[in-house]
Engineer: 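To start, I am sharing the structure in question, which I have written as structure tokens.
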Amino acid sequence: MNHEKLSKRLENVALHIPKGSILADIGSDHAYLPCYAVANGLCDRAIAGEVVEGPYQSALKQVKGTGLEDLIEVRKGDGLEVLKPDEATCVTIAGMGGTLIASILENGKKKLEKVERLILQPNVGALNVRNWLIDNGWELIDEDILEEDGKIYEILIAKKGDPLQPYHENKQVGLMFGPFLLKKFSDTFIKKWQHEKAHFERIIEQLDASGRSGLETKRKEMEVQISFIEEVLKR
């Protein structure tokens, strides 16, 4: 992977960057995404934010190597603290857990006032991201799901708006499965939730095999999750 040929996961993230935007890629690693986006005219300018020294240096080297220093600025800092207020119009955060993504958004939400689009790719815990979006007035406008190298990823796209708009049918089910992913009902979506169901069933087996008391609540939680999945996959 490089700035000319992204991974399938990052290529999908790039598809949702609005043309003419000022991109802030948080946790940019090697800055492949902002370099690709600028080089291909997907955004006008970009900021690559990275908190870890090694990836920060890699991002600096990558931007310099592509000759895009005038259009991409690499900054070292934690989350959205690398941004000035009203600076970015599109923010991407990819390749982290959903809990961490939600924490980054929460800690830096003062920097999001002029942001028009969030493109978020949690490796796990998309539910936490959806909950944060609802709590903070961001409306989910699309979702994608894809498989790459044996792992399944979800991509969430949001704008300021009515955060409950996508959840009219069933908020609890929508939060867990993704309201747009439910409608698309792709083979990758089915595969993900078949795997999740098997995972919950293994947990129940382990709880039962442990012979410990006081695990009834945990077991019940797993059974509820399994029943949700079975109901959705019946379609």
Engineer: Enumerate the residue pairs fulfilling side chain to side chain donor-acceptor pair (under 3.5 Å) with a member in residues 78-87, sequence neighbours excluded, ordered by first and then second residue.
Structural biologist: Arg75-Glu87
Engineer: If you define the side chain from C-beta out and look only at heavy atoms, does anything of Ile203 sit under 4.5 Å from Glu205?
Structural biologist: no
Engineer: Taking side chain to side chain contact (heavy atoms under 4.5 Å, CB included) as the criterion, tell me which of Leu133, Asn128, Leu127 meets it with Leu175.
Structural biologist: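 Between Leu175 and the candidates, side chain to side chain contact (heavy atoms under 4.5 Å, CB included) is satisfied uniquely by Leu127.
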Engineer: Inspect the surroundings of CG in Asp70 and state if more than 12 heavy atoms from other residues, nucleotides or ligands are less than 6.0 Å away.
Structural biologist: no
Engineer: What pairs of residues pass the salt bridge (charged side-chain N to carboxylate O under 4.0 Å, His left out) test when at least one of them lies in residues 123-146, not counting sequence neighbours?
Structural biologist: Arg130-Glu143, Arg130-Glu154, Asp142-Lys184, Asp144-Lys184
Engineer: Would you mind reporting whether Tyr153 and Asn123 have side-chain heavy atoms less than 4.5 Å apart?
Structural biologist: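 Yes. Closest side-chain heavy atoms under 4.5 Å.
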Engineer: Can you confirm whether Thr188 sits close enough to Lys192 that some side-chain heavy atom of one is under 4.5 Å from a side-chain heavy atom of the other?
Structural biologist: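 No - every pair of side-chain heavy atoms lies 4.5 Å or more apart.
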Engineer: Do the side chains of Met176 and Gln225 get nearer than 4.5 Å, heavy atoms only?
Structural biologist: yes
Engineer: Hey, mind stepping through Phe180 and Leu156 against side-chain contact (heavy atoms from CB on, under 4.5 Å) and telling me if it holds?
Structural biologist: CA-CA 9 Å; Phe180 293 93; Leu156 284 60; over 6 Å; no
Engineer: Do Arg45 and Val38 have side-chain heavy atoms sitting under 4.5 Å apart?
Structural biologist: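 SC-SC contact between Arg45 and Val38 ruled out.
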Engineer: Under the rule for salt bridge (charged side-chain N to carboxylate O under 4.0 Å, His left out), what residues qualify as partners of Glu223, not counting sequence neighbours?
Structural biologist: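 Arg219.
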Engineer: With a 4.5 Å cut-off on side-chain heavy-atom distances among I, L, V, M, F, W and Y, is there a chain of contacts connecting Val63 to Val82?
Structural biologist: no
Engineer: Could you walk me through whether Ser21 and Asp44 pass the side-chain contact (heavy atoms from CB on, under 4.5 Å) test, one step at a time?
Structural biologist: CA-CA 6 Å; Ser21 60; Asp44 289 349; over 6 Å; no
Engineer: Looking at Glu69 and Lys64, is any side-chain nitrogen of the basic one under 4.0 Å from a carboxylate oxygen of the acidic one?
Structural biologist: no
Engineer: Which residue pairs satisfy the salt bridge (charged side-chain N to carboxylate O under 4.0 Å, His left out) criterion with at least one member in residues 109-128, sequence neighbours excluded?
Structural biologist: Glu106-Lys109
Engineer: Counting N and O atoms only, with roles assigned by atom type, does the side chain of Asn170 sit under 3.5 Å from a partner on the main chain of Gln172, one being a donor and the other an acceptor?
Structural biologist: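 Flag set: sc Asn170 to bb Gln172 pair under 3.5 Å.
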Engineer: Honestly curious: do Trp132 and Val124 fall in one hydrophobic cluster under the side-chain, below-4.5 Å linking rule?
Structural biologist: no
Engineer: Looking at every non-hydrogen atom in both residues, tell me the closest pair between Leu42 and Ile17 and how far apart they are.
Structural biologist: O-CG2, 3.7 Å
Engineer: Should Val13 and Tyr32 be regarded as members of a common hydrophobic cluster, given that ILVMFWY residues are connected when their side-chain heavy atoms come within less than 4.5 Å of each other, either directly or indirectly?
Structural biologist: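 They do share one cluster, since a chain of ILVMFWY contacts under 4.5 Å joins Val13 to Tyr32.
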Engineer: Heavy-atom count around Lys160 NZ within 6.0 Å, excluding the residue itself: above 12?
Structural biologist: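 Enclosed: over 12 neighbouring heavy atoms sit under 6.0 Å from NZ of Lys160.
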Engineer: Pairs in or reaching into residues 52-61: which pass side chain to side chain donor-acceptor pair (under 3.5 Å), with residues at least two apart or in two chains?
Structural biologist: Glu53-Gln57, Glu53-Lys76
Engineer: Hydrophobic clusters here meaning ILVMFWY residues chained together by side-chain heavy-atom distances under 4.5 Å, can you tell me if Phe228 and Trp193 are in one?
Structural biologist: yes
Engineer: Looking at every heavy atom in both Leu182 and Gly174, which two are closest together, and how far apart are they?
Structural biologist: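 Closest pair (atom of Leu182, atom of Gly174, distance): CD1-CA, 4.2 Å.
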Engineer: Test your reading of the model: is there a side-chain donor-acceptor pair from Asn12 to the backbone of Lys8, 3.5 Å cut-off?
Structural biologist: no
Engineer: Under the rule for salt bridge (charged side-chain N to carboxylate O under 4.0 Å, His left out), what residues qualify as partners of Glu201, not counting sequence neighbours?
Structural biologist: Lys197
Engineer: Where is the tightest heavy-atom contact between Pro34 and Leu23, given as atom of each residue plus distance?
Structural biologist: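 Here Pro34 and Leu23 meet closest at CA-CD2, 4.1 Å.
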Engineer: Using 0.5 Å steps for rounding, measure from the CD atom of Glu196 to the CZ atom of Phe177.
Structural biologist: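 Answer for the CD-CZ pair, Glu196 versus Phe177, is 9.0 Å.
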Engineer: Specify whether Phe189 and Phe185 have parallel, tilted or perpendicular ring planes, treating 30° as the upper limit for parallel and 60° as the lower limit for perpendicular.
Structural biologist: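 Taking Phe185 first and then Phe189, their aromatic rings sit tilted (interplane angle of 30° to 60°).
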Engineer: Treat each ILVMFWY residue as a node, draw an edge where side-chain heavy atoms are under 4.5 Å apart, and state whether Leu33 and Ile157 are in one component.
Structural biologist: yes
Engineer: Using a 3.5 Å distance criterion without hydrogens, assess whether the side chain of Thr89 forms a donor-acceptor pair with backbone atoms of Ile22.
Structural biologist: yes
Engineer: Going through the checks in order, is the side-chain contact (heavy atoms from CB on, under 4.5 Å) test met by Ile93 and Met96?
Structural biologist: CA-CA 8 Å; Ile93 309 178; Met96 306 178 198; 3.7 Å; yes
Engineer: With distance as the sole test, does Asp29 use its side chain to make a donor-acceptor pair with the main-chain N or O of Pro55 at under 3.5 Å?
Structural biologist: no
Engineer: Applying side-chain contact (heavy atoms from CB on, under 4.5 Å) to Leu105 and Leu120, what does each step give before you reach the verdict?
Structural biologist: CA-CA 10 Å; Leu105 293 169; Leu120 311 168; 3.9 Å; yes
Engineer: Taking atom CD1 of Ile155 and atom CD1 of Ile145, what is their separation to the nearest 0.5 Å?
Structural biologist: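 CD1 of Ile145 is found 10.0 Å from CD1 of Ile155.
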Engineer: For Ile104 and Leu80, work out which heavy atoms get closest and say how close.
Structural biologist: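 Smallest interatomic distance, heavy atoms only, reads O-CD1, 3.6 Å.
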Engineer: Taking all heavy atoms of Pro18 and all of Cys90, pick out the closest pair and write down the distance.
Structural biologist: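 Reported closest heavy-atom pair: CD-SG, 3.8 Å.
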Engineer: Do Trp138 and Leu112 come within less than 4.5 Å of each other through their side chains, counting heavy atoms only?
Structural biologist: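 In short, these two side chains touch, coming nearer than 4.5 Å.
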Engineer: Could you give the distance from CD (Glu147) to OG (Ser186), rounded to the nearest 0.5 Å?
Structural biologist: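 Those atoms lie 10.5 Å apart.
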Engineer: When rounded to the nearest 0.5 angstrom, what is the spacing between CG in Leu146 and CD in Gln121?
Structural biologist: 7.5 Å
Engineer: As an exercise, state the distance from CD1 of Ile226 to CG of Leu233, rounded to the nearest 0.5 Å.
Structural biologist: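 Ile226 atom CD1 to Leu233 atom CG measures 12.0 Å (nearest 0.5 Å).
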Engineer: Rounded to the nearest 0.5 Å, how far does CD1 of Ile72 lie from CG of Leu60?
Structural biologist: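 Rounded to the nearest 0.5 Å, the CG-CD1 separation comes to 11.5 Å.
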Engineer: How close do Ala88 and Leu83 get, heavy atom to heavy atom, and via which atoms?
Structural biologist: CB-CD1, 4.2 Å
Engineer: Any heavy-atom pair between the side chains of Leu10 and Tyr36 that's under 4.5 Å?
Structural biologist: no
Engineer: Please report the C-alpha distance between Lys234 and Glu231 in whole Å, then the side-chain angles of each, then the deciding distance to 0.1 Å, and finally whether the salt bridge (Lys or Arg N to Asp or Glu O under 4.0 Å) criterion is met.
Structural biologist: CA-CA 5 Å; Lys234 263 198 270 184; Glu231 190 63 33; 3.3 Å; yes
